[in-house]
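Structure record follows, encoded as structure tokens.
Each chain gets a letter, A, B and so on, in the order the sequences are listed, and its residues count up from 1.
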Amino acid sequence: MDIAALRAEQLATAGKIIRHDDFAFTQPALIAGADVGFEQGGEVTRAAIALLRFPSLELLEYQVARVATTMPYIPGFLSFREYPALLAAWDKLGRRPDLLLVDGHGISHPRRLGVASHFGLLVDIPTIGVAKRRLCGQFASLAEEEGALAPLMDKGEQLAWVWRSKPRCNPLFISTGHRVGLKSALHWVQLCMRGYRLPEPTRWADAVASNRTAFQRWQQGRDEADFFPPQ
DNA sequence: GCGACAG
DNA sequence: ATCTTGTCGC
């Protein structure tokens, strides 16, 4: 792998990211979350995308894809490691969401092309980056209260919001992925909260990817509906 | 040179 | 991210 070439590719691609609202909906009807994990010591990359109805946030569909890992994790180059699996899961999805929440940063990236932005551009859909940790930029210390907010600044521009979504939890870093402005990014994420640190689309994608009990129960309920379809 | 560093 | 048990706190 040629890191210098990837860096050049990022710089060229970042210029194509649309940082303002560029969508038809007043409110999304379908919203999705994407999460990536690894198996077998990193040999296999597993991506999960969960599709939810908005604003009820009920899980409608999910897809999981497993592909051979092609790149190691290098800070600043996460998208090259994760997007092949994300694309595979995306292609399996029966319906297209109006908006997609991606785990990781959007434009709050050294070259303004985090995985949320890169993937959003690849599939040409509005995306928002929801990261759990800072990659670059600075922000003022955040108040302890739930809802505390601060801008993430880098080189004189705001790249994201640092937002405490839940008390006694580390804040989230919410940024423009593609075709969504910063203000809207925070707005939609806030409408996806249901009392946990992470927004529901992200939580469901994580639950699916990790086969958590919440997902198992949902799947069991769906199976029963198949055996005993409502008259 | 040194520290920082999404998932 | 992943490997993993108990444990502290609300």
Separation of atom OH in A:Y196 from atom P in C:dC10, rounded to whole Å:
19 Å
Here the pair of heavy atoms bringing A:V208 nearest to A:A48 is CG1-CB, 4.0 Å
A:R112 has an atom CZ; how far is it from atom C1' of B:dA6, in whole Å?
14 Å
Atom-pair distance (CZ on A:R133; P on B:dG7), nearest Å:
8 Å
How close or far is atom C1' of B:dG3 from atom CG of A:L135, stated in whole angstroms?
15 Å
Taking CD from A:Q40 and P from C:dT2, how many angstroms apart are they, rounded to a whole number?
13 Å
Does the side-chain ring of A:Y73 sit on the six-membered ring of the B:dG7 base, less than 5.5 Å centre to centre and under 30° in tilt?
yes
Which residue in the set A:R96, A:R179, A:K16 passes salt bridge (Lys or Arg N to Asp or Glu O under 4.0 Å) when paired with A:D124?
A:R179
Considering only NZ, NE, NH1 and NH2 on the basic side and carboxylate oxygens on the acidic side, decide whether A:R19 and A:E157 come within less than 4.0 Å.
yes
With the side chain defined as heavy atoms from C-beta on, A:R46 is closest, among B:dG7, C:dT2, B:dA6, to C:dT2
Starting at CD1 of A:I74 and ending at C1' of C:dA1, how long is that distance when rounded to a whole Å?
14 Å
Hey, do the aromatic rings of A:Y73 and A:F38 have their centres closer than 6.0 Å?
no
In whole angstroms, how far is the P atom of C:dA1 from the OH atom of A:Y83?
22 Å
Quick one: do A:F54 and A:L99 satisfy side chain to side chain contact (heavy atoms under 4.5 Å, CB included)? Show the steps, please.
CA-CA 10 Å; A:F54 190 93; A:L99 186 59; over 6 Å; no
Could you tell me whether A:G114 contacts a base, only the sugar-phosphate backbone, or nothing, with contacts defined as non-hydrogen atoms closer than 4.0 Å?
base
So A:F80, base contact, sugar-phosphate only, or nothing? Heavy-atom distance under 4.0 Å.
nothing
Across the strands shown, which category fits A:G41 at heavy-atom distances under 4.0 angstrom: base, sugar-phosphate, nothing?
nothing
Which of these nucleotides, B:dC5, B:dG7, C:dC10, is closest to any side-chain atom of A:R168?
C:dC10
Does OP1 or OP2 of B:dC5 have a side-chain N or O of A:R134 closer than 4.0 Å?
yes
Protein-nucleotide distance (A:E39, atom CD; C:dC3, atom P), rounded to Å:
9 Å
